[in-house]
Number of protein chains: 4
Amino acid sequence: MATSANAIKTAILGASGYTGAELVRLLAHHPSAELRALTANSHAGKEMAQVFPHLGGVRLPRLEKIENVALDAMDVVFCALPHGTTHEVVAALPERVKVVDLSPDFRLFDIPTYEDYYGAHKAPDLQAGAVYGLTELMRDAVRGARLVANPGCYPTSAILALAPLLAAGQVEDEGIIIDSKSGVSGAGRAAKEANLYGEIAEGIHAYGIASHRHAPEIEQELGRAAGHAVTVNFTPHLMPMSRGILSTIYVRLANGAGADDLRATLAGRYDAEPFVRVVPEGTAPATRHVRGSNHCLIGVFADRLPGRAILVSVIDNLVKGASGQAVQNMNLQFGVPETAGLEQEPLFP
Amino acid sequence: MATSANAIKTAILGASGYTGAELVRLLAHHPSAELRALTANSHAGKEMAQVFPHLGGVRLPRLEKIENVALDAMDVVFCALPHGTTHEVVAALPERVKVVDLSPDFRLFDIPTYEDYYGAHKAPDLQAGAVYGLTELMRDAVRGARLVANPGCYPTSAILALAPLLAAGQVEDEGIIIDSKSGVSGAGRAAKEANLYGEIAEGIHAYGIASHRHAPEIEQELGRAAGHAVTVNFTPHLMPMSRGILSTIYVRLANGAGADDLRATLAGRYDAEPFVRVVPEGTAPATRHVRGSNHCLIGVFADRLPGRAILVSVIDNLVKGASGQAVQNMNLQFGVPETAGLEQEPLFP
Amino acid sequence: MATSANAIKTAILGASGYTGAELVRLLAHHPSAELRALTANSHAGKEMAQVFPHLGGVRLPRLEKIENVALDAMDVVFCALPHGTTHEVVAALPERVKVVDLSPDFRLFDIPTYEDYYGAHKAPDLQAGAVYGLTELMRDAVRGARLVANPGCYPTSAILALAPLLAAGQVEDEGIIIDSKSGVSGAGRAAKEANLYGEIAEGIHAYGIASHRHAPEIEQELGRAAGHAVTVNFTPHLMPMSRGILSTIYVRLANGAGADDLRATLAGRYDAEPFVRVVPEGTAPATRHVRGSNHCLIGVFADRLPGRAILVSVIDNLVKGASGQAVQNMNLQFGVPETAGLEQEPLFP
Amino acid sequence: MATSANAIKTAILGASGYTGAELVRLLAHHPSAELRALTANSHAGKEMAQVFPHLGGVRLPRLEKIENVALDAMDVVFCALPHGTTHEVVAALPERVKVVDLSPDFRLFDIPTYEDYYGAHKAPDLQAGAVYGLTELMRDAVRGARLVANPGCYPTSAILALAPLLAAGQVEDEGIIIDSKSGVSGAGRAAKEANLYGEIAEGIHAYGIASHRHAPEIEQELGRAAGHAVTVNFTPHLMPMSRGILSTIYVRLANGAGADDLRATLAGRYDAEPFVRVVPEGTAPATRHVRGSNHCLIGVFADRLPGRAILVSVIDNLVKGASGQAVQNMNLQFGVPETAGLEQEPLFP
């Protein structure tokens, strides 16, 4: 971690959840950023190592209540708070402090849509200035943003695969089916019977079918890419792994494109990207090959059904799907190398 | 296990694989059947408990080479041999011995299709007399069959959900997408790097995309239900669980039907079935709720995409997807209660 | 499930926990017992299938509050309630109703020891009449018992291996070390952060070191076998599996005995037992080989350290370690075959 | 990875196994080392990403046969070859090339002991010059070593906990019991039925009881610390996790020491170490808290048995137990910071 006078001073609000701990893991060895404050209301007063023993080797500030932190001494604040609680926290921050918000509170730009899915929006005036932080697609906007709405995990996996193809007119904007499989850390660390080891191990089930909150977020960004409204099927599944999302995406081909054309478009689009890779024909991406890294792998396959193709996209939901992308966005906001703090290779097996 | 003079005399060919062991587990307490012979060429001479220690509490015949078993003393033979090897074994059996074949060798009735996917068909004359043993849909035919082609695991999960709806004209026969997630036991017990614990745990990947051998089997049976040829997308995934298949099936609604109509059709169709259950609206089936049992659970959901619905079907691939259904078929062939030997409830957690 | 007039009428108090569900699974097909009532205070009014969907195929009474059940119409009550709550419930039962208590409330016969570990003992007058229900060692007493204290899971695994050897004087009663590894279901279904999938998967840790409540229970029964007080080391570990306990037990040999003598003693002791098996020399028991069954497997090994031996004992903590042994005890109490309802073979893989 | 002219030029022999891939992961971002060659006879000609897709983001040399690599152009060679094959490879290396050998071939200094456990020793003349590379205990010797015998995974976990206590005379050198639990990656990537997902998931078993090859290695190093021969019990178990070893160690206290004294000795010994940490009283180390890192955590507990204590030690078997310690040793051999390339925090969950 940087400790020089000109290090980026950072605070993490909500450090006692999995995304908070993951931010600490990544920032602990960031060459230009310094962790100055960690908040966690219910654990205030504890050392981070009491809450997350795996971080016992890092010298860290003690967990505090948010009101006891001098937030105006920070350069940037990572908000990893529950949805519905972030609007007011961000609204109270000094204007000069930049924000990367990992909650969904600033992701939906249409206020009524937000309110349908999450309840009252308490900072609508800030919404217009927010930038949706899917880094590879929004890089220039992120650079200039004060408030970055860091994308959801499922949307990251789906949008990276679909947006360039919709923009290129190579897939129909109708009938897109996104079948996603996620590890359990996406549900957070709250104690719930449904997420006990015995309830999750050795099984799989779908949930939030046709009602999951990430659907409107995906549609918003695909609509941006397509140039008009897009509706998708999005069906998430919960499976026995701690980290990872695999999205299998079924699309109809448009304008004469074939699976090879789709692969070429994606490969071209992401050729220079450090974190997104299109795998060779015939290769299937696996979540275990991105575990612990900020990588996204995308594969493209012809379907047996004529006129259709299949996309497979994998990320680590806690890294590219949350804390890693948050650090990537912060790097852009502060003009440091985009890969700083994010260069670990995946951990396999 | 029955041992009376009129017990059904059974042999298992290929008893050293997972489906063989599962047949032993189920037949060990079958009230009307008796295990008279177990074959396993590479393990011939061993006790079954040396190969499968969990069966050490059952009194069983020793494993033998197939040529050393008096097969004509059997009433029924379960073939759990690799595909391509079964044709000749079955052709050599005495006519009076009934057969339940767990391999794919007699599942495809169109010989050229079989040969495209599996190589030369060596018993085409027997093929016409075979019955595809998806019990709930083929019960009468199975009763009279000498040779039952026991369905594949993925096809069982998909066809039980789709066939009644295609027969009722409530879903379009075009554009059906079957996204399946399977446990690893479906790949058998052969030592392969790809199936090592370290390669499978904590991850998921798709495989056999647009090329898996179960696609033509699904299409054959859906075509039978629809009354004309049907083509489907079938995309299997391998995930960290030993047992279980969950198929998420995306369909287009036809003839004005809604999701509720589909649910009503399936509920009506399976109302009297002991092993197939349609779950209530809003409930999502989970593989862990059928583990170790011969059950199939099916759920129906409206889609966010207009004019579409989602089906979710779960089975234990080794029971309803293989050995359990094989016993169910044998029960029909011999006129004993269809549930005999299959009455265990699922094991959870 | 039996439904004849002379079926054993059973109730399960605390049916919404894992041991309650496991009792239902086993009793659902018991040839002589009938489930007449299920209680679960926080879930009263629900169907069991809403709480445990895997039991949706069994016709069951609805969950009720305990005060709404006519307990005096029962022949036997299974108590699967938390410790500290059972004393008063049992004390209020009609004298003619038999009891199998799965809690620890009646396992410790020395009241001060009980109170050191669990708090106030509220039914000391009933304690003397209770029988510690480790079936293989206490069969005659269980037959005549009104109140059976069903053993803890760890104690079952340890005592079955050690008691006959202490009784035979073949191992020293000093310096016994019991290193146990358990699946997570032993911790119950209560929502706790520590038992979330993400906290348990892919790891192991020791807990309750030198302070676990099962230590005095083990010592009580080993003392009974040895004929005088015995103190043991007991170190439990929590690992990523839903079911199973493996205890590795380190002992000093006594009176000239060798590992082979120990194996012979155990094999002789359990030769006629349906559920306990001593594995052959050189074979190591594995928890996965007893999963879902009422079996216990025991192995004996010479140590590299002179004068010492190693015992390995495995059970399914929810079956032989809880609900299976409870049914086994009920069978004895009512004079039906001891294996009734318990004949399923293990589920592997 | 360093690419400057004065970068340490490294080769990995046997790069297609898990320890080889782990070396690549760690060296990929090492500030002073450069990967110049990777060998893997059966995969020669392939890209590393074909064998280990998780490394697809690293620019790497192609896999080659060992005879096609200019080994004399290297500064250091990591040998990750099977035991029995390393002696001759190392003997053929130019004298100026340093070696870190991850096989057991140079770990046992008593040739007859080596040959009892592994077969013929083919380079006895090199043995005397080798240094056993348990870094924290052998730092000065490693600095000057040409040939480092990198320790086994189990020995690393056990020796770090025990050696300082034996050296201090605080534990008896007799009757030490080491009960170890390991993840599966320690068994390597070779396709074996015993290591299939279905054979490992949801279970645990002991193996190599009283015969495992790591026992003499542990005894050698404990003997060095104690000043005379030591014999130990060592009982390894295989459990469902990919990475991690937890050793629970049972010792007798000596010379009036108590558990607190042991903790103080270890804490003092490792106070300045970057990778070894003694956890506070009452805290139990967990393997998941070191996953992916070069850390070792040690806890000390009083026993219920008088005069005894319990040690718990955890490492990631592929990092501190293999490739991480190998890099740590290379760092010492070349005088670069000992933590270079090893600063990632653990990955949790």
Side-chain angles (χ1 to χ4, degrees), chain A residues 1 18 21-22 24-29 47 49-50 52-58 60 183-186 188-189 197-198 201-202 240-243 273-280 283-297 314 316 318-319 339 343-349, chain D residues 1 18 21-22 24-29 47 49-50 52-58 60 183-186 188-189 197-198 201-202 240-243 273-280 283-297 314 316 318-319 339 343-349:
Chain A
M1 202 186 310
Y18 288 143
E22 190 71 353
V24 171
R25 179 177 77 87
L26 296 170
L27 293 172
H29 299 282
E47 296 292 345
Q50 294 175 267
F52 283 112
H54 71 293
L55 296 172
V58 190
L60 289 170
V184 187
S185 61
R189 208 187 197 191
Y197 180 86
E202 293 286 310
M241 63 181 175
S242 287
R243 290 166 176 258
E273 290 293 341
F275 296 125
V276 183
R277 232 165 50 236
V278 178
V279 300
T283 305
T287 56
R288 60 184 69 81
H289 295 149
V290 299
R291 182 167 49 220
S293 80
N294 201 45
H295 297 176
C296 173
L297 302 181
V314 299
D316 181 322
L318 289 181
V319 192
T339 58
E343 294 185 321
Q344 300 94 338
E345 299 306 319
L347 192 74
F348 173 85
Chain D
M1 203 185 311
Y18 288 143
E22 191 70 354
V24 171
R25 179 177 78 86
L26 297 170
L27 293 172
H29 299 282
E47 296 292 345
Q50 294 175 267
F52 284 111
H54 71 294
L55 296 173
V58 190
L60 289 170
V184 187
S185 61
R189 208 188 197 189
Y197 180 87
E202 293 287 309
M241 63 181 175
S242 288
R243 291 165 175 258
E273 290 293 342
F275 296 125
V276 183
R277 229 162 56 234
V278 178
V279 299
T283 304
T287 56
R288 61 184 68 81
H289 296 149
V290 299
R291 180 166 51 220
S293 80
N294 201 46
H295 298 176
C296 173
L297 301 181
V314 298
D316 181 322
L318 288 181
V319 192
T339 58
E343 294 185 320
Q344 300 94 338
E345 300 306 320
L347 193 74
F348 172 84

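Naming convention: chains lettered A, B, ... in sequence-line order (proteins, then strands); numbering from 1 in each chain. When reading the values below, keep in mind they use all heavy atoms of this one structure, side chains included, and skip hydrogens, waters and symmetry mates.
Ring pair D:His54/A:Phe348 is tilted by interplanar angle, where 30° to 60° counts as tilted.
Between D:Arg277 and A:Pro53, the shortest heavy-atom contact is NH2-O, 3.8 Å. Between D:Ala28 and A:Glu345, the shortest heavy-atom distance links the atoms CB-CG, 4.2 Å.
Neither the backbone nor the side chain of D:Ala21 has a heavy atom closer than 4.5 Å to any heavy atom of chain A. The contact between A:Leu318 and chain D is made entirely by side chain atoms (from C-beta outward), counting heavy-atom distances below 4.5 Å. Proximity to chain A is absent for every atom of D:Phe275, based on heavy atoms less than 4.5 angstrom apart. Heavy-atom distances place the side chain of A:Glu22, and not its backbone, under 4.5 Å from chain D. For chain D, the nearby parts of A:Glu343 are the backbone and the side chain; heavy atoms of each come within less than 4.5 Å.
To the nearest 0.5 Å, atoms OG (D:Ser242) and CZ (A:Arg288) are separated by 9.0 Å. Atom CG of D:Leu347 sits about 4.0 Å away from atom CZ of A:Arg243, to the nearest 0.5 Å.
In terms of heavy-atom pairs under 4.5 angstrom with chain A, the leader among D:Gly56, D:Ser185, D:Pro285, D:Ala49 is D:Gly56. Between chain A and the options D:Gln344, D:His295, D:Arg189, D:Arg25, heavy-atom pairs under 4.5 Å are most frequent for D:Arg25.
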